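All values reported here derive from a predicted model rather than from experimental measurement.
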Amino acid sequence: MASLVDKLHPLVLNVGLAVHNADWNWKNVNSPFTRLYYITEGTAQIQLSGGTQILKPNYLYFIPAFTIHSYICNSYFCHYYLHIYEEHQSDTNLLDEWEFPVEIPAGDLDLALFQRLCAINPHMSLPKSDPSTYDNNSTLMENLLKNKQRALCDKVESRGIVYQLLAHFLKRAQVKVETKDDRIEKAILYIRKHIYEAIDLTTLSENSCLSKDHFIRLFKKETGVTPSKYINQKKIEKAQLILVTDEMSVKNVAFSLSFDDYSYFNRLFKKVTGLTPQEYRNSYH
């Protein structure tokens, strides 16, 4: 567990207080960062694949990255929001390796933690609440740069606060098990660790001590998708994060993820997200 903590480097993308009056209604939101909410007044709803979650005062809520969801708000509603991500250079994404509860009761200090996080990160609030126009201006990259250039004391305090908030959810979280077969689980861990490399199905099957055809059939049986589709999905998710948090050119994003064919990367990205890489980046800044 100590090694896992050492690898967890959550960074603040946005944090602030939002006040709404029946105007927090957005459909099919899907972003490359994790959302935490602390509700102070009123109620709203989030529609998830598993059902509808009612947001209530004095509770914390956790929405994982790349989770399609919709917001419903019919009355006055006030909440703190926190968007966090892990540095894309990391070879693992620990927040993606755990199943977190959506709702937990807030502790006595949680409101103060959110207030303090806002106080030391005043430039990280969202100018608009519409997810399709988050940071629809030229300041996103500037904010990310400011975030990295902040005083060391503020960076340490911010990370400490995020650790405390995540700890509440980790206490009730379980390690994500995507498959019951240890051989396929081993393959999934290999894919995550080598996401920037060209991942060969022959290597995966040999590491699993299976023939290539048997490996592909078993992988699809356990996960519901072929290994190639799973690899591409994870690579595109990583590309989404890079496009939002880094100024790297789209072509270099493709090459960094071992896509030798730039045109294929563009087509695959649009197939997965509905937007081209450049359109996706433009939607954020």
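Tracing side-chain contacts under 4.5 Å through hydrophobic residues (I, L, V, M, F, W, Y), one never reaches L241 starting from I68; they form parts of separate clusters. By the rule that hydrophobic residues join a cluster once side-chain heavy atoms approach within less than 4.5 Å of another member, Y264 and I199 end up as members of one cluster. When hydrophobic clusters are built by joining Ile, Leu, Val, Met, Phe, Trp and Tyr residues whose side-chain heavy atoms come closer than 4.5 Å, directly or via intermediates, M124 is grouped together with L17. L201 and V225 end up in the same hydrophobic cluster when Ile, Leu, Val, Met, Phe, Trp and Tyr side chains are linked at under 4.5 Å. Cluster annotation: L82 is connected to I104 through the hydrophobic network of ILVMFWY side chains, with a link wherever side-chain heavy atoms come within less than 4.5 Å.
Judged by distance alone, with hydrogens and angles left aside, the side-chain atoms of S125 form no donor-acceptor pair with the main-chain N or O of G16 at under 3.5 Å. In this structure a side-chain-to-backbone donor-acceptor pair under 3.5 Å is missing from N58 to A106. K235 places a side-chain N or O within donor-acceptor distance of the main-chain N or O of E197, the cut-off being under 3.5 Å. Panel note: side chain S70, backbone N28; a donor-acceptor pair is recorded below 3.5 Å. Judged by distance alone, with hydrogens and angles left aside, the side-chain atoms of N121 form a donor-acceptor pair with the main-chain N or O of L117 at under 3.5 Å. S258 places a side-chain N or O within donor-acceptor distance of the main-chain N or O of Y196, the cut-off being under 3.5 Å. For the pair R172 (side chain) and H168 (backbone), a donor-acceptor distance under 3.5 Å is present. Here the side chain of D110 pairs a donor or acceptor atom with the backbone of G107 at under 3.5 angstrom.
Here the two rings, on Y71 and H69, have centers that are under 6.0 Å apart. Ring pair W24/Y37: centre-to-centre distance below 6.0 Å.
Residues meeting the side chain to side chain donor-acceptor pair (under 3.5 Å) test with Y190, sequence neighbours left out: none. When the side chain to side chain donor-acceptor pair (under 3.5 Å) test is applied to R159, the partners found at least two apart in sequence or on another chain are H9. For R217, there are no side chain to side chain donor-acceptor pair (under 3.5 Å) partners at least two apart in sequence or on another chain.
More than 12 heavy atoms of other residues, nucleotides or ligands shown are found within 6.0 angstrom of CG on D261. Atom CG of L111 has more than 12 neighbouring heavy atoms from other residues, nucleotides or ligands inside a 6.0 Å radius. Summarising the local packing, CG of L109 is surrounded by 12 or fewer heavy atoms from other residues, nucleotides or ligands at distances under 6.0 Å.
With values rounded to the nearest 0.5 angstrom, H20 atom NE2 is found 13.0 Å from E41 atom CD. Distance check: R35 CZ to I63 CD1 gives 8.0 Å after rounding to the nearest 0.5 Å. F114 contributes atom CZ, which lies 5.5 Å from atom CG of L36 (distance to the nearest 0.5 angstrom). Atom-to-atom distance recorded for R183:CZ and S205:OG is 12.0 Å, nearest 0.5 angstrom. Atom NZ of K193 sits about 14.0 Å away from atom CD1 of I195, to the nearest 0.5 Å. Taken to the nearest 0.5 Å, the CD atom of E237 stands 4.5 Å off from the CD atom of Q233.
Here the closest non-hydrogen pair linking V253 and S256 is O-OG, 2.7 Å. Here the shortest heavy-atom pairing between W98 and A173 reads CE3-CB, 3.9 Å. The minimum heavy-atom distance between L113 and I161, with the atom names listed, is O-CG2, 3.7 Å. Scanning all heavy atoms of the two residues, the minimum distance from V102 to F169 falls at O-CE2, 4.1 Å. Closest of all the heavy-atom pairs between F100 and L170 is CE2-CD2, 3.6 Å. Of all heavy-atom pairs spanning Y163 and P10, the tightest one is CE2-CD, 3.9 Å.
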(request) Would you sort out whether L55 and H79 count as a side-chain contact (heavy atoms from CB on, under 4.5 Å), showing the intermediate values? (result) CA-CA 10 Å; L55 308 184; H79 71 281; over 6 Å; no
(request) Kindly determine whether I216 and K220 satisfy side-chain contact (heavy atoms from CB on, under 4.5 Å), including the steps that lead there. (result) CA-CA 6 Å; I216 293 173; K220 186 172 183 179; 5.6 Å; no
(request) Test L204 against I231 for side-chain contact (heavy atoms from CB on, under 4.5 Å), laying out the working first. (result) CA-CA 11 Å; L204 289 176; I231 292 167; 4.0 Å; yes
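Taking the side chain as every heavy atom from C-beta outward, P277 and N266 approach each other to under 4.5 Å. Taking the side chain as every heavy atom from C-beta outward, D260 and F255 never approach each other to under 4.5 Å. Counting only heavy atoms from C-beta outward, the side chains of K221 and D181 never approach each other to under 4.5 Å. Here the side chains of I46 and Y61 are not in contact, with every heavy-atom distance at 4.5 Å or above. Residues Y76 and V19 have side chains in contact (heavy-atom distance under 4.5 Å, counting atoms from C-beta outward). Contact check for L166 versus F62: side-chain heavy atoms found under the 4.5 Å cut-off. Taking the side chain as every heavy atom from C-beta outward, T245 and F33 never approach each other to under 4.5 Å. Under the 4.5 Å side-chain criterion, counting only non-hydrogen atoms from C-beta, K271 is not in contact with N232.
One finds a salt bridge joining E103 and K56 here, because a Lys/Arg side-chain nitrogen approaches an Asp/Glu carboxylate oxygen to under 4.0 Å.
Aromatic ring orientation, F269 versus Y280: perpendicular (interplanar angle above 60°, classes split at 30° and 60°). Note: F265 and Y262 have parallel aromatic rings, judged against thresholds of 30 and 60 degrees for the angle between ring planes.
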